[in-house]
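Working notes for the structure below.
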Protein chains: 2
Amino acid sequence: MAPRQKPFDVERFFQALADRTRLRLLNLMGGQEICVCYFVEILGQPQPKISRHLAYLRNAGIVSARREGKWMHYRIVMPSNTGAARVLQGILAWLKEEKSMQADRARLTRACCAPKKFVTLQGAPSPALAGMEPASTSR
Amino acid sequence: MAPRQKPFDVERFFQALADRTRLRLLNLMGGQEICVCYFVEILGQPQPKISRHLAYLRNAGIVSARREGKWMHYRIVMPSNTGAARVLQGILAWLKEEKSMQADRARLTRACCAPKKFVTLQGAPSPALAGMEPASTSR
DNA sequence: CTATTATATCCGTGTTGACGAATGTGTCTA
DNA sequence: TAGACACATTCGTCAACACGGATATAATAG
């Protein structure tokens, strides 16, 4: 028996997008895989809060996590539902146009270029470009 | 002083989309203006529930209402924010591809062609095509 | 093994939203 | 003016979240 891929949960999908912090996280990921410590540094918000929102996105199937030693890397996974995937791409493109989101990305770039300037980022792994893989069995 | 158009509320926008009933309503509107009685008939759900969800969409600035005698007509208003407008268009296109949404639209078509068959729709005004006007001052 | 670093989860609290049931409001008709 | 009709709002209840603060877990360093 095939594992019977559960139907895409539209409500959960939009719920996941209905929070500014989560949108900021998604905007920072947009295309690349990023370490949690960058999120904490750049959003300037308590680590448990960041972690909770990342968990929410994970449970909604919008991002996946990869462990690398002490660090956790998050990336966006495109929904297998093609309509949802197109919409998500559109949303990411929209975010890129927003001023505050551009500011976030600019800070990310600066942090990546000079991680030594951030006490909290000593030795943190740099974000790496990551092709958006289709949703797989990983959770 | 210009009325200082309030900034688009992204969180509210996605909150409004995070409910299946509201998505069904939006799908039925998609392009045309529709009377509340059709929503009640086609979704087969209590009128106060429909009305509450329509109010939610109205407060989120996604639809506008027009009174015509006893009847209230609802239509989608495209957000003035261009990014949001593109995303909303994408979402409507996505919904059109979903089986259950297509079924809703089919029932709407049948109801419009033969409103006499529905006791609740005797003399109800037919949906009319309506160009999606940009968000105006109307609320 | 112990400490430290990086991240995740738990707990208590306040807020928001969804629902059914009841009631209110606006408009037309007789 | 009194229904009747089409919709809207209110109320009480329950579930889902967001948050800060505290604590738990996982991996590496010493």
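All values reported here derive from a predicted model rather than from experimental measurement. Note that these values count all heavy atoms, side chains included, but never hydrogens, waters or copies made by symmetry. Letters A, B, ... mirror the listed sequences (proteins, then strands); counts begin at 1.
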Starting at OH of A/Y74 and ending at P of C/dA8, how long is that distance when rounded to a whole Å? 4 Å
To the nearest Å, give me how far apart CH2 (A/W71) and C1' (C/dT4) are. 13 Å
Report the nucleotide, chosen from D/dA18, C/dA8, D/dA8, that has the shortest atom-to-atom distance to any side-chain atom of A/M72. C/dA8
So, OP1 or OP2 of D/dT9: does either fall under 4.0 Å of a side-chain N or O from B/R58? yes
Atom CG of A/L43 and atom P of D/dC19 are separated, to the nearest Å, by 11 Å
Output the rounded distance in Å from OH (A/Y56) to P (D/dA18). 6 Å
Check: B/R52 side chain, C/dG17 base, donor-acceptor under 3.5 Å: no
Distance in angstrom units between A/Q15 CD and D/dA15 P, rounded: 17 Å
Nucleotide D/dC7, atom C1' - distance to CD of B/E68 in whole Å: 15 Å
Between atom NZ in A/K49 and atom P in C/dT9, what is the gap in whole Å? 18 Å
Return the 5'-most residue of the pair A/Q45, B/V40 with respect to DNA chain D, ranking by each residue's nearest nucleotide. B/V40
So, B/R107 side chain and B/L43 main chain: donor-acceptor pair closer than 3.5 Å or not? no
NE2 of A/H73 versus P of C/dA6: gap in Å, rounded? 12 Å
How many angstroms lie between atom OH of B/Y38 and atom CD of B/Q32, to the nearest 0.5 angstrom? 10.0 Å
Shortest side-chain distance from A/K70, nucleotide among D/dT9, C/dG17, C/dA6: C/dA6
Quick check on C/dA18: is either OP1 or OP2 less than 4.0 Å from any side-chain nitrogen or oxygen of B/R22? yes
What contact category does B/P48 fall into here, base, sugar-phosphate, or nothing, at under 4.0 angstrom with non-hydrogen atoms? base
Side-chain donor/acceptor contact of A/Q47 with base of C/dA6 under 3.5 Å: no
Is there a donor-acceptor pair closer than 3.5 Å between any side-chain N or O of B/Q102 and the backbone N or O of B/K96? yes
Hey, does the side chain of B/H53 come within less than 4.0 Å of C/dC19's phosphate (OP1/OP2), counting only N and O? yes
CZ/A/R24 to CG/A/L28 distance, rounded to the nearest 0.5 angstrom? 7.5 Å
A/N27 side chain to A/M101 main-chain N or O, any donor-acceptor pair under 3.5 Å? yes
